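Given the structure is predicted, the values throughout are model-derived calculations rather than measurements. Quick note: residue numbers are just sequence positions, from 1. Quick note: numbers below take in every heavy atom, side chains included, and nothing from hydrogens, waters or symmetry partners.
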Amino acid sequence: MKSFTALWRVALAVGVAAGCLLVSAGSAFAAGGVSLCIPEAENAATVTPTKGACPAKYKLTELGAEGKEGKAGKEGSFAGLTEADKATLLAVLPYIKFAKEGIDKKPTIQFSGANVQVVSGAAKESEIDGLGNLVVGKDEEAGAQSGSNNLVVGTFKQAFTSYGGFLAGAYNTVSAGSASVSGGEYGAASGLRSSVSGGYDNRASNEGASVSGGQENKASGLGASASGGLFNEASGTDTWASGGAENKAGEDFASVSGGILNKAGGFGASVSGGSANAANGEWSSVLGGKKNTANGNYSSILGGKGLTLTTEFGEDY
């Protein structure tokens, strides 16, 4: 109820500003005031009276009307508001503007000359209390939404359970602090500061991991990255799988940059393309071809088919 009261006050301030600007704020507060119908229930709009009367389950509130003695002061009586509420409204109103034909020539309420901050009320951002979230949209068929201080856009079946995240697209999940899913569908960012920036059914599950597109790709290593393609996985620390299909960068600092069914299993190893190639030695590499294997440390295969290197610093093509 406290959160609803706070939101009601903000909504009331916006409504007052719009009403005042439409009928001229100066004259409204000087005589006659602005009348609003305040809803008793949550998620209901504030409306203006019709022929001086409000609909059922609405409370008539007059701002800037004459005081009890019949004389209008500079501020009026603000009937139904506490002194604290009145002071808050008077402080907020100068920063709210109403444009009858604003964005796309639609009625638009603007905050001008001020910052807008949404906070949960907790002592720290990382304290999760389900508050402080800014949701743009109707939030249809919401998923688990117990997080705090998140920005949520495109809210069909979106889920957020941690803090400081960003969520867009549809059917996406952010479940770690400062993580983000900025588009696509069925994406999940579950590592601290991890990110998924599009695609379908992609997963970033370790700290600082990222997936930037494609389908069913996984970045499960610390700081790992998968940047496209299909069914690729970067599972070692600071590994990279970029494009192609069913490629795996499994050891720390390894990379696969294309092709299909390629594996970089050695420390710092790389496969640049081709099919079913493997670089298993430390800092080994396979540049292309098919079914080639570089097992020796620092070994390199430039291309061809079915080649295997086991010696250090070896080279074949």
Side-chain angles (χ1 to χ4, degrees), residues 1-7 10-11 42-43 111 115-228 231-241 249-250 252:
M1 184 56 69
K2 289 183 179 179
S3 61
F4 172 58
T5 301
L7 289 171
V10 173
E42 296 187 32
N43 298 319
F111 290 87
N115 296 313
V116 178
Q117 184 176 13
V118 181
V119 296
S120 66
K124 296 181 179 180
E125 179 183 342
S126 57
E127 293 183 21
I128 299 173
D129 58 8
L131 301 174
N133 301 297
L134 179 59
V135 179
V136 180
K138 294 184 68 65
D139 203 18
E140 300 176 67
E141 299 186 36
Q145 297 187 342
S146 57
S148 296
N149 304 314
N150 296 286
L151 174 60
V152 184
V153 183
T155 54
F156 189 77
K157 291 190 176 180
Q158 303 279 57
F160 49 93
T161 57
S162 194
Y163 65 91
F166 172 66
L167 193 60
Y171 303 95
N172 294 317
T173 300
V174 169
S175 58
S178 303
S180 66
V181 179
S182 55
E185 294 184 343
Y186 295 103
S190 57
L192 184 67
R193 293 184 288 276
S194 63
S195 68
V196 174
S197 55
Y200 180 87
D201 199 16
N202 293 313
R203 300 282 187 270
S205 58
N206 207 332
E207 182 175 350
S210 66
V211 179
S212 55
Q215 181 174 332
E216 296 189 52
N217 296 308
K218 297 178 181 179
S220 56
L222 180 68
S225 173
S227 56
F231 301 123
N232 296 311
E233 182 173 3
S235 57
T237 298
D238 294 323
T239 52
W240 179 41
D252 294 353

Nearest-0.5 Å distance, [atom1] of residue [X] to [atom2] of residue [Y]:
{"X": "Gln215", "Y": "Asn202", "atom1": "CD", "atom2": "CG", "value": "8.0 Å"}
{"X": "Ser148", "Y": "Asn133", "atom1": "OG", "atom2": "CG", "value": "6.0 Å"}
{"X": "Asn149", "Y": "Phe160", "atom1": "CG", "atom2": "CZ", "value": "10.5 Å"}
{"X": "Leu167", "Y": "Leu151", "atom1": "CG", "atom2": "CG", "value": "9.0 Å"}
{"X": "Arg203", "Y": "Ser220", "atom1": "CZ", "atom2": "OG", "value": "12.5 Å"}
{"X": "Asn206", "Y": "Arg193", "atom1": "CG", "atom2": "CZ", "value": "11.0 Å"}

When you measure from the side chain of [X] to the backbone N and O of [Y], does any donor-acceptor pair fall under 3.5 Å?
{"X": "Asp129", "Y": "Leu131", "result": "yes"}
{"X": "Asn232", "Y": "Asn217", "result": "no"}
{"X": "Asn172", "Y": "Gly184", "result": "yes"}
{"X": "Gln158", "Y": "Ala168", "result": "yes"}

Notebook entry, point to check: Can you tell if the side chain of Ser175 reaches within under 4.5 Å of the side chain of Ser162, non-hydrogen atoms only?
Noted result: no
Check: With under 30° as parallel and over 60° as perpendicular, where do the rings of Tyr186 and Tyr171 fit, or are they tilted in between?
Finding: parallel
